[in-house]
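Letters A, B, ... are given to chains in the order of the sequence lines, protein chains preceding strands, and every chain is numbered from 1. Heavy atoms only: backbone and side chains are in, while hydrogens, waters and symmetry mates are out.
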Amino acid sequence: MGDIKWDELLNREQLIGVTTTEGPVLILAGAGSGKTRVLTHRVAYLMQQKGVAPYNIMAITFTNKAAREMRERVLSIGGVGADAVWVMTFHATCVRILRRFGDRVGYDNDFTIYDTDDQKALMKQIIKKLNLDPKKYKEKFFLGKISSAKDELISYADYALRFGSDPTEQLVSRVYREYQTALSDNNAMDFDDLIFKTVELFKQEPEVLNHYQSRFKYVMVDEYQDTNTAQFEFVRLLAAAHHNICVVGDDDQSIYRFRGANIHNILNFEEHFENATVIRLEQNYRSTGMILDAANQVIKNNENRKDKTLWTDNPRGDKVRFRQFDNAYEEAEFIALDVKSKNRNRDAAFSESAVLYRTNAQSRILEEKFLNENIPYRIVGGVNFYQRKEIKDMLAYLKTVASGKDDLSVRRILNVPKRSIGNTSVEKIAAYGDANGLSFYEVLERAGEIQTLGRSAAKIKLFVDLISELRADAEDLTVPELIRDIMERTGYGRELEAEGTDEAMARIENIDELISKAVIYTEDHEEDEATLTGFLEEVALVADIDNVEENPDYVVLMTLHAAKGLEFKNVYMAGMEDGLFPSGMCVFGDDPEELCEERRLCYVGITRAREFLTMTSARSRMIRGELQYSAVSRFVKEIDTSLMDGDVYEPGAKKSQDMVIDRRGFGRDNAESHSRRKAAMTAPTIYEVQAKSIASSSGKEPLSYDVGDRVRHMKFGEGVVLSIEDGGRDYEVAVDFDGKVKRMFAGFAKLEKVST
DNA sequence: GTGCCTGCTCACGGG
DNA sequence: GAGCAGGCAC
């Protein structure tokens, strides 16, 4: 493996980036300039040329997808041992560290992770508890304040000191304290805590910091322009001993200011780290000259940039197309038909096309048209799979089975499905817990002692018994088996089946998909490692973007934010209207930096395209149920007309020849397409292909064995089938393994007949 | 305690 | 357009 010809694989600057291994390095990498290439080769170079142990190398990314891609590439060029390199997201890295040392900052090492919905639910309780007017104070307000504080490493104690005089800020600091205490009581951390607590750990426990400093002698950070103060501090502490820190980023692609990203981290890198080497990657290998020029013309309107000019050797290519339509329906129809014709002409396969937009709300109409035209598509984002009610319910059951310490989960499922335990009882239980320092579940366990509960106590006992039974089952079941078990024992599945509506069926499909994910999880891990907590952790850290599969022939629809880091041969930027993109908030706001951020987002969008770029806008569009008329986005006008096909200023921009607008088409929403659309809205959008194949293999197929047959189970060995019951969606089989009777679902047990 | 209806609010982006 | 709190009847 030592025969890599580094100088043939890399251009001059890339080579410097790869081989400057010692000391701080800042790589300013323009869009499409091969930054992932540099990072992965750098890892390989460290191992092969410098003899650095893989164990000593860490590469941090923002998304799981980026981590996975980099990991794959490191494995393929890095050779033996490369799997010991830590290639992970910030969040996953911190979780890993906190699972080991979390007890030093006041958490059990099996803490749970709260997502946005959990945070909201918890905040709601706190607003109630503090008797605040929920009309006046929204959860989002406090959560936003708290999140920004945590991004800046401000604890609630610091917050009180810092903003003490202002009454509103005083209230925030009080809420912050309550919120943090509640999290800690629930043994839970939110996303921001993961970073915050790790930094706290490093600062409080020099021994721990030392351990990681001497382990990770070489630290690399991808998308550095998106780091916030907490992440910066994490990286700084890690690298403080050896200074071998290499960061890659592009200030022009910083689009996460709203999430606390601090652009000064990259702009001031040379001040933060002394004697830094700065490398500029300015050759773009991705886009045509035309597209790149357009991108440069837009971004040059921003001030305070690191000075750089992106260039390319690629052919000039086609002009950037611009089309304006009367409304969003025509816009969507044009895009759908164009995608189709590009696919037909072999210009771009479906999988090579992507539609990008500013807001998720825009996806609906596009989706409708794509369905009408029978174009395979996939929407990334929108309602996250893991935010769906039924998925959250199942996860809450799993969490409760796993620990019961998380009050939020227990409360969520106590009356789901309906057990006639209403709000009044819940309030009483919570009050009793608060008064006696017990967790919600602990109170449930001793419900009999609480007089005021009356007849609810008996119902609560049934619930506690149910959880105990599930816990007993969990001992022998794999995670997917456990989910099925929960569906059965709680009656959740039966209730949905009884409902029988399209929506209920879609919910069942979603749960099936969760089961398939669990199957994939168990298959990916050794038997001992495939634990329930492990599964819950993996699930807590996934984002929708992580699930875009590249191979299947689908058009991808997503927000511009989600598109960062991806590239497509053929890109549409829809909704290029002032007020939508750039968004109204920044057009009328007084913060010029916000407009700059929007412009960077536009730059990100343009540079996703390799060969074809089409921008579209609508003269009118429904926003919040109101018809809004907008002018063409200023960003479109920033592109020189010599690069454009289509007139930005003329009303009624010309229509493409392959474009046939069927006006009746707008009302063509017959019953069939309507139900299809509805199904598509609620149906799984992720892992669809795998889910289908697994679902059919785990579905109710005729069994190859019967009562009395001898069968083999992967884990338990051979046994005799005692009974087979119709468990609704699957058969429930009881098998006697040498006197130990196990009940299992046929679809997952995968029993093989040995003899009759 | 549950189910249904209504009216209100909210909508930028996401780990 | 959608989700949710609040009010009401049962």
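- Considering only the side chain of A/Arg259, B/dG14 comes nearest among B/dG14, C/dG1, B/dG1.
- The side-chain ring of A/Phe258 is stacked on the base of B/dG13, judged by centre separation under 5.5 angstrom and plane angle under 30 degrees.
- Contact detail for A/Leu122 and A/Leu183: the closest heavy-atom pair is CD2-CD2, 3.8 Å.
- At a threshold of 4.0 angstrom between heavy atoms, the contacts of A/Thr89 with the nucleic acid are absent.
- A/Leu414 has its CG atom 13 Å from the C1' atom of B/dG1, to the nearest Å.
- Taking atom CG of A/Leu356 as the reference point, atom P of B/dG14 lies 12 Å away to the nearest angstrom.
- Close to B/dG15, at under 4.0 Å from its OP1 or OP2, lies no side-chain N or O of A/Thr116.
- For A/Lys418 and B/dG3, the NZ to C1' distance is 9 Å, given to the nearest whole Å.
- In this structure, the nucleotide among B/dG13, B/dG3, B/dG15 sitting nearest to the side chain of A/Asn360 is B/dG13.
- A/Asp250 meets the side-chain hydrogen bond (donor to acceptor under 3.5 Å, both in side chains) test with A/Gln253, A/Lys308; sequence neighbours excluded.
- Residues that satisfy the side-chain hydrogen bond (donor to acceptor under 3.5 Å, both in side chains) test with A/Glu495, not counting sequence neighbours, are absent from this structure.
- Atoms CE (A/Met622) and C1' (B/dC10) sit 16 Å apart, rounded to a whole Å.
- A/Lys140 comes within contact range of the sugar-phosphate backbone alone, with a heavy-atom separation under 4.0 Å but no base atom that close.
- Between A/Ile429 atom CD1 and B/dG1 atom C1' the separation is 14 Å, expressed in whole Å.
- Atom CD in A/Gln362 sits roughly 12 Å away from atom C1' in B/dG13 (whole-Å rounding).
- Classified by interplanar angle (parallel below 30°, tilted 30° to 60°, perpendicular above 60°), the ring pair A/His561/A/Phe258 is perpendicular.
- A/Val235 approaches A/Val221 most closely through the heavy-atom pair CG2-CG2, 3.9 Å.
- Annotation: cation-pi geometry satisfied between A/Arg99 and A/Phe111 (NZ/CZ under 6.0 angstrom from ring centroid, within 45° of ring axis).
- The CG atom of A/Asp151 sits 14 Å away from the C1' atom of B/dG13 (whole-angstrom rounding).
- Nucleic acid contact for A/Tyr256: sugar-phosphate only, since backbone atoms but no base atoms lie under 4.0 Å from a heavy atom of the residue.
- A/Lys138 comes within contact range of the sugar-phosphate backbone alone, with a heavy-atom separation under 4.0 Å but no base atom that close.
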Report, one line per pair, each donor and acceptor closer than 3.5 Å where one atom sits in a side chain of residues 456-464 of chain A; sequence neighbours left out.
residue, atom, partner, partner atom, Å
A/Ser456, OG, A/Ser425, OG, 3.1
A/Lys461, NZ, A/Asp465, OD2, 3.2

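- For A/Gln119 and A/Gly422, each mapped to the nucleotide of DNA chain B holding its nearest heavy atom, the one lying further toward the 5' end belongs to A/Gly422.
- Applying the side-chain hydrogen bond (donor to acceptor under 3.5 Å, both in side chains) rule to A/Ser633 yields no partners; only residues at least two apart in sequence or on another chain are considered.
- B/dC10 atom C1' lies 12 Å from atom CD of A/Glu139, rounded to whole Å.
- Backbone-only contact: A/Phe62 has heavy atoms under 4.0 Å from sugar-phosphate atoms and none from a base.
- Salt bridge absent: A/Arg364 and A/Glu367 never bring a charged side-chain N and a carboxylate O closer than 4.0 Å.
- Of the N and O atoms on the side chains of A/Tyr603 and A/Asn302, not one donor lies less than 3.5 Å from an acceptor on the other residue.
- Residues A/Glu594 and A/Ser147 each lie close to DNA chain B; by heavy-atom proximity, the contact nearer the 5' end of the strand is made by A/Glu594.
- Phosphate proximity of B/dG13 to A/Ser583: absent, as no side-chain N or O sits under 4.0 Å from OP1 or OP2.
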Could you go over nucleotides 3-5 of chain C and give all protein N or O partners under 3.5 Å, atom names and distances?
residue, atom, partner, partner atom, Å
C/dA5, OP1, A/Lys124, NZ, 2.9

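- Annotation: proximity of residues 186-199 of chain A to DNA chain B (heavy atom, distance under 4.0 Å) is found for A/Phe191, A/Asp192, numbered in ascending order.
- Contact between the side-chain N/O atoms of A/Thr359 and the OP1/OP2 oxygens of B/dA11 is not found at any separation under 4.0 Å.
- When each of B/dG1, C/dG1, B/dG13 is scored by its nearest atom to the side-chain atoms of A/Ser425, the top-ranked nucleotide is B/dG1.
- What you find for A/Ser409 and A/Asp406 is that their closest heavy atoms are OG-OD2, 2.8 Å.
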